[in-house]
Structures are given as structure tokens and as C-alpha cells.
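First the structure, in the form of C-alpha cells, and then the observations on it.
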Amino acid sequence: MAISPELRRRFAEARRVLVLTGAGVSAESGVPTFRGGGNTTVWKGMPFDVISSAEMLERNLPAVWEWFDYRRDFMEALMPNPGHYEIAHWQERFPEFTLVTQNIDGLHQKAGSRDVIELHGNIWRARCVACRSTHDMSGTKRPEACLECGDSLRPDVVLFGEFLPPGAFELAAERAATCELCIVIGTSGLVYPAAGLPEIAKSAGAYVCEVNPEPTPLSGICDEVLMGKAGEVLPLLRS
Ligand code: BV8
């Protein structure tokens with residue numbers, strides 16, 4: 001895997017760096033991607049963007065919980081991979097480093113990343129549908145109801161057709177618009193508004209680099225594409 005002298009130079013000199021990650025960065029940890037090898041994740045006959053939708057939450061909250069309980073159970077034992085750890089190191093390396101993720105698995109934080117902008121929420125939290133208080137579920141059973149007001153809980157994730165957490169995308173877009181280097185890792189670039197961030201960085205003059213074993217709709221706007229697995233490619237960037 002050849003890293004161009006241009007990318008090495010920019011990696012060495014950049015101060016303001018933004019990283020956007022998707023399910024691919026967690027693939028080597030055992031988290032199945034949503035769209036790998038041409039097929040889409042299906043749960044009980046429903047494509048994931050149907051079971052993970054605002055409409056389904058309205059219609060059948062218990063079914064939505066069953067889907068997230070199932071994913072939480074198998075994610076419990078999963079550990080970060082070298083890709084996550086390399087990214088965690090970058091927060092010490094670059095003076096102004098921003099990590100934006102579409103992942104809800106919390107593996108970036110488990111690898112030591114701080115101030116992660118979680119665009120689509122986190123599977124280890126539940127949120128009250130009434131008072132919006134959140135409840136940590138890591139290592140504990142899911143509470144039956146809100147411990148503050150007793151109303152029902154929902155996963156603290158962003159479902160299709162729902163707005164992102166207040167301010168999360170705005171902060172990510174602001175950082176994308178001022179970064180010098182944008183590294184896009186393990187995303188198919190199909191879900192918006194997240195997939196719009198590399199375009200914001202590109203149009204603001206940043207050097208945009210993609211790390212993915214497969215081409216994506218974003219590859220065309222990238223200055224450099226490193227076709228490989230995150231856990232194998234990212235350590236190569238270390239000089
Ligand atoms: C919203 C949480 C406003 C839940 C998720 C504009 C155009 C078209 C559609 C829209 C648009 N704007 C809004 C929409 C609708 C929709 C959308 O984008 N639909 C898509 C399907 C077309 N967006 C929304 O609904 C968003 N909300 O816009 O609000 C609004 C409000 C009301 C009405 C209208 C608009 C909310 C979207 C968030 C949904 N929640 N997750 C859950 O997890 O169940 S999205 C979820 O799917 C993930 O978070 C992620 O974002 C996405 C999956 O994508 P990736 O992470 O990229 O994963 P994928 O499997 O696809 O690809 C993996 C990649 O990794 C592959 O390329 C593979 O090659 C690569 N890879 C594999 N192994 C490795 C690797 N790479 C590196 N290393 C490896 N080892």
C-alpha cells in the first residue's frame with residue numbers, strides 16, 4: 001500500500017484535521033457493516049433502514065428495542081482494533097483534531113478517543129421519550145422505564161427520518177469547513193447529512209483522503225484513495 005509523498009507531507013504538517021468514520025472502521029472488531037459485499041443488513045425480513053426508522057419507533061417500539069438489544073448483546077464483548085487505536089493517537093498528534101463518527105458502537109471511546117462527535121447517537125444509552133433524560137446501559141440491564149419520570153425509554157440513537165443531535169452536525173460541518181486534512185474511513189458515503197462532510201471539506205480546500213477496501217460515491221471527490229482495511233492502512237501513516 002503506497003502512501004504518496006503528498007499525503008505524508010500533509011500528514012506531517014497539518015494542524016487542523018477532521019476524521020469521519022463509518023461501520024467499516026469497526027469491521028475488524030467484528031461489528032458487521034450494513035452494506036458489505038453488495039447485500040444490506042436485514043432483521044427479521046426488514047432492511048435495517050426500516051427497523052431503524054422513526055416510523056417503526058412510532059408503530060412498534062418493542063420491535064425496535066429487540067433489534068437494539070440483540071446488537072448490544074453481541075457488541076458487549078467486542079474490542080477496538082488497530083484502526084481505532086491509531087485514530088485515538090491522532091488526537092495527541094494534531095493540535096486541532098476532530099473525530100466525527102456515524103457509529104453507535106462506542107469503540108472509538110473504548111480505544112481512548114475523547115470528544116467524539118457521535119452523529120447518530122450511541123447504542124449504550126437509552127433516552128426518555130418524555131423528559132429526554134438519558135440512561136447509561138453499558139454493563140447493565142436496560143431499565144424498564146425512565147428512572148426520572150417513569151415514562152417509556154427509546155434507544156438514544158438517530159433513526160432514519162429523525163434529526164441528528166442538536167448542534168452535532170453543525171459543529172462537524174464547521175470543523176470540516178476549516179480543516180486542512182480530511183480523512184474518511186470505512187463509510188459507504190450513502191447516508192446524509194453525514195456523507196456531506198467530506199464535500200464541505202473539499203470545497204473549503206482541504207486535502208481529502210479515503211480509506212476503504214472498496215470504491216464509494218465519495219472516492220471521486222478525494223485527492224487520494226487508500227484501498228485497504230483501516231486496521232492495516234492507518235498504522236502505515238505513522239512516519
Ligand atoms: C435526517 C443509527 C433530517 C441507527 C443510522 C439526502 C439524500 C437522500 C436521503 C436523505 C437525504 N437527507 C436525508 C435523507 C434520508 C436519510 C438517508 O440518508 N437515507 C439514505 C439511506 C439514502 N437520512 C436520514 O434520515 C438522517 N436524518 O436527514 O434528518 C430529516 C428529518 C425528517 C425527514 C427527512 C429528513 C438520519 C440518518 C441516520 C440514521 N441512523 N444509524 C442504527 O445504527 O441502526 S445510519 C447507519 O447507516 C450508520 O450510522 C451509518 O450512517 C449508515 C451505514 O453507513 P456506513 O457506516 O458507511 O456503513 P456501510 O455498511 O454502508 O459501509 C461500510 C463501508 O466500510 C463500505 O464502504 C465498506 O467497503 C467499508 N469497509 C468494510 N470493511 C472495512 C471497510 N473500510 C475500512 N476498513 C475495513 N476493514
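Computed from heavy atoms alone, side chains included, the values below leave out hydrogens, waters and symmetry copies. In listed order, ligands and their atoms are each counted from 1.
In this structure the side chain of V100 reaches within 4.5 angstrom of the side chain of L18, judged on heavy atoms. At a threshold of 4.5 Å between non-hydrogen side-chain atoms, the residues V157 and H120 do not count as touching.
For the 3.5 Å distance criterion, the side chains of S26 and D105 qualify, holding a donor opposite an acceptor. A donor atom on one side chain and an acceptor atom on the other are not found under 3.5 Å apart for T101 and E118.
Against a heavy-atom cut-off of under 4.0 Å, G186 is close to the following atoms of ligand 1: 63 (C), 64 (C), 65 (O), 76 (N), 77 (C). The ligand atoms of ligand 1 that sit less than 4.0 angstrom from a heavy atom of F68 are 44 (O). Set against the non-hydrogen atoms of Q102, the atoms of ligand 1 under 4.0 Å away are 48 (C), 49 (O), 50 (C), 51 (O). Close approach of ligand 1 to A27 is summarised as follows: ligand atoms under 4.0 Å from at least one heavy atom of the residue are 73 (N). Atoms of ligand 1 found under 4.0 Å from any heavy atom of E214 (numbered from 1 in listed order, with element): 69 (O). Close approach to F48 involves these atoms of ligand 1, each under 4.0 Å from a residue heavy atom: 47 (O). Within ligand 1, counting atoms from 1 as listed, the ones closer than 4.0 Å to a heavy atom of S52 are 42 (C), 44 (O). If you number the atoms of ligand 1 from 1 as listed, the ones under 4.0 Å from a heavy atom of T33 come out as 60 (O).
Between W43 and W67, the angle of the ring planes lies from 30° to 60°, which puts this pair in the tilted group. Ring orientation note: the planes of F34 and F48 are tilted relative to one another, at an angle of 30° to 60°.
Among W43, F34, F163, the residue whose heavy atom sits closest to atom 53 (C) of ligand 1 is F34. Residue N212 holds the heavy atom nearest to atom 66 (C) of ligand 1 of all those in D49, V211, N212, V233.
Partners of K202 by salt bridge (Lys or Arg N to Asp or Glu O under 4.0 Å), not counting sequence neighbours, listed by chain and number: D223. Take E76 and apply the salt bridge (Lys or Arg N to Asp or Glu O under 4.0 Å) test, not counting sequence neighbours, and it matches no residue.
For R71, the closest heavy-atom approach to ligand 1 falls below 4.0 Å. Heavy-atom separations between A194 and ligand 1 are all 4.0 Å or longer.
By the 3.5 Å distance cut-off applied to N or O atoms, N103 is not counted among the residues near ligand 1. Geometrically, ligand 1 and A230 share a nitrogen or oxygen pair separated by less than 3.5 Å.
Proximity of T187 to ligand 1, defined as any heavy-atom pair under 4.0 Å, is shared by backbone and side chain alike.
Taking the ring axis of W65 as reference, the NZ or CZ atom of R154 does not stay both within 45° of it and closer than 6.0 Å to the ring centre.
Counting heavy-atom neighbours within 6.0 Å of R9 CZ, excluding the residue itself, gives a total above 12.
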